[in-house]
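Accompanying notes for the structure given below.
Computed over heavy atoms, backbone and side chain alike; hydrogens, waters and symmetry mates excluded.
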Amino acid sequence: MIIAVDGPTASGKGTISRQLAQHYRLPFLDTGLLYRAVGWTLRAQGGNADDASDALAACRFHSDLLADPGLRSEEVGGLASRVSVHPAVRNALDKRQKDFANQPGGAVLDGRDIGTVIAPDADAKLFVIAKPEARALRRFSEMKSRGEPAVYEDILADILRRDERDQNRAAAPLKPAEDADLLDTSDLTIRIAVQQAIALVDARISRRVDIDPT
Ligand code: CDP
């Protein structure tokens with residue numbers, strides 16, 4: 001079974017996907033980490049994130065890098081958002097994600113284009129959203145709890161900037177697949193959001209079984 005989870009930054013999709021993977025005992029890939037690894041490598045190489053060939057050159061990174069906690073920083077997230085607009089970068093990361101999705105037994109992947117590009121035949125697709133203000137507050141609290149300096153207004157502005165870049169890029173823009181279930185987490189605790197996500201996936205699976213009993 002393949003479960004595709006997409007949505008904007010700080011919508012809760014990461015936590016929900018991880019818990020879905022645990023619940024259904026499936027391997028999980030946070031595809032944002034791949035783009036973050038490109039952003040990180042580009043910075044180490046002194047490249048320009050807005051330059052397609054610099055960004056493509058940064059796609060050759062060692063998989064060990066994916067475990068580096070430095071990838072989680074806001075700065076690397078911003079670079080990831082910029083390198084991800086280049087079609088050449090998306091192509092370079094495409095096979096790795098598709099191979100992960102199509103492994104025997106299935107997988108859970110989270111990102112921006114999983115339900116539309118990486119796994120269009122996924123058994124269940126969730127599109128997780130939340131109001132920008134709710135997302136900014138979550139990010140603010142996360143940063144504070146890590147002891148990082150955080151200014152709510154700056155975080156909100158950054159979230160709006162990333163949304164705009166994700167939604168308006170020509171290559172694989174952020175948008176729900178036609179057959180995705182929308183999950184708005186603005187007013188939900190994470191526990192309830194996960195329960196609703198499981199209910200949506202279960203409903204999709206049982207509908208598929210009804211249609212195709214093989
Ligand atoms: O944590 P956050 O949601 O901010 O970011 P992420 O999921 O780690 O992804 C970092 C950046 O990579 C995002 O801002 C997206 O622009 C980009 N990305 C993408 O274009 N496609 C994906 N499948 C995953 C991430």
Side-chain angles (χ1 to χ4, degrees), residues 2-11 13-14 16-18 21 27-68 70-103 106-129 135 158-180:
I2 302 176
I3 304 177
V5 184
D6 291 302
T9 189
S11 56
K13 67 181 180 344
I16 290 172
S17 318
R18 255 182 212 95
F28 167 60
L29 180 65
D30 170 359
T31 64
L33 275 184
L34 302 176
Y35 291 90
R36 285 171 179 266
V38 177
W40 170 281
T41 306
L42 175 123
R43 189 180 59 182
Q45 293 176 345
N48 172 3
D50 304 318
D51 181 275
S53 58
D54 279 7
L56 181 61
C59 290
R60 264 175 264 117
F61 55 81
H62 197 278
S63 4
D64 287 356
L65 177 58
L66 298 173
D68 193 315
L71 293 190
R72 309 263 173 201
S73 77
E74 290 303 302
E75 188 203 347
V76 174
L79 288 169
S81 166
R82 284 163 62 198
V83 296
S84 70
V85 305
H86 303 300
V89 168
R90 307 201 71 85
N91 281 340
L93 301 179
D94 184 274
K95 183 176 180 317
R96 192 175 190 147
Q97 298 175 73
K98 286 183 176 159
D99 286 350
F100 193 92
N102 293 313
Q103 63 186 292
V108 179
L109 290 88
D110 96 37
R112 302 293 192 282
D113 61 345
I114 308 303
T116 50
V117 175
I118 300 298
D121 296 328
D123 301 274
K125 300 178 184 177
L126 296 181
F127 196 80
V128 184
I129 53 169
R135 294 190 274 136
D158 186 56
I159 280 180
L160 294 173
R161 217 169 19 244
R162 283 199 213 179
D163 282 359
E164 140 73 31
R165 210 181 285 135
D166 278 344
Q167 287 160 1
N168 295 318
R169 68 177 173 225
L174 172 68
K175 61 165 192 221
E178 269 176 25
D179 51 349

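A distance-only check finds a donor-acceptor pair linking the side chain of Gln103 to the backbone of Phe100 [under 3.5 Å]. Side-chain N or O atoms of Ser17 include one that pairs as donor or acceptor with a backbone N or O of Lys13 at under 3.5 Å.
Partners of Lys175 according to the salt bridge (Lys or Arg N to Asp or Glu O under 4.0 Å) rule, which considers only residues two or more places apart in sequence or in another chain, do not exist here. Looking at residues two or more places apart in sequence or on another chain, you find no side-chain contact (heavy atoms from CB on, under 4.5 Å) involving Glu178. Partners of Arg43 according to the side-chain contact (heavy atoms from CB on, under 4.5 Å) rule, which considers only residues two or more places apart in sequence or in another chain, are Trp40, Glu75, Val76, Leu79.
Side chains of Ser81 and Arg165: a donor-acceptor N/O pair is present below 3.5 angstrom, by distance only. Side chain to side chain, Tyr35 and Arg112 fail the donor-acceptor criterion of an N or O pair below 3.5 Å. Using modelled atom types and a 3.5 Å distance limit, the side chains of Asn168 and Glu164 yield a donor-acceptor pair.
With respect to the salt-bridge test (charged N to carboxylate O, under 4.0 angstrom), the residues Asp99 and Arg96 do not qualify. Salt-bridge check for Arg135 with Asp158: failed, with every basic side-chain N at 4.0 Å or more from each acidic carboxylate O.
Between Phe61 and Leu66 the shortest side-chain heavy-atom distance falls below 4.5 Å. Taking the side chain as every heavy atom from C-beta outward, Thr41 and Leu65 approach each other to under 4.5 Å. Within the 4.5 Å cutoff, the side chain of Leu56 has no heavy atoms near those of the His86 side chain. Looking only at side-chain heavy atoms (C-beta outward), Leu126 and Asp6 stay at 4.5 Å or farther from each other. A 4.5 Å side-chain heavy-atom check between Ile114 and Val5 finds every atom pair outside the cut-off.
Within the structure, salt bridge (charged side-chain N to carboxylate O under 4.0 Å, His left out) contacts touching residues 30-40 (residues at least two apart or in different chains) are Arg18-Asp30, Asp30-Arg72. For residues 120-129, every residue pair satisfying the side chain to side chain donor-acceptor pair (under 3.5 Å) rule, not counting sequence neighbours, is listed here: Lys125-Asp179. Within the structure, salt bridge (charged side-chain N to carboxylate O under 4.0 Å, His left out) contacts touching residues 45-59 (residues at least two apart or in different chains) are Asp50-Arg82.
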For this session: Mind running salt bridge (charged side-chain N to carboxylate O under 4.0 Å, His left out) on Asp94 and Arg90 for me, showing each step along the way?
Result: CA-CA 6 Å; Asp94 184 274; Arg90 307 201 71 85; over 6 Å; no

Problem set entry | Pair Cys59-Val38, side chain to side chain contact (heavy atoms under 4.5 Å, CB included): steps then yes or no | CA-CA 5 Å; Cys59 290; Val38 177; 4.0 Å; yes

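The distance from the OG atom of Ser53 to the CG atom of Asn48 is 9.0 Å, given to the nearest 0.5 Å. The CG atom of Asp110 lies 8.0 Å from the CG atom of Leu29; values are rounded to the nearest 0.5 Å. Between the CG atom of Leu174 and the CD atom of Gln167 there is a distance of 5.5 Å, given to the nearest 0.5 Å. Atom CG in Asp113 sits 6.5 Å away from atom OG1 in Thr31 (nearest 0.5 Å).
Nearest heavy-atom pair, Ala122 versus Ala4, reported as atom, atom and distance to 0.1 Å: CB-CB, 3.9 Å. Residues Ala55 and Val83 share a closest heavy-atom pair of CB-CG1, 4.0 Å. Between Pro8 and Asp163 the shortest heavy-atom distance is CB-OD1, 3.6 Å. Residues Asp166 and Ser84 approach most closely at OD1-OG, 4.5 Å, considering heavy atoms.
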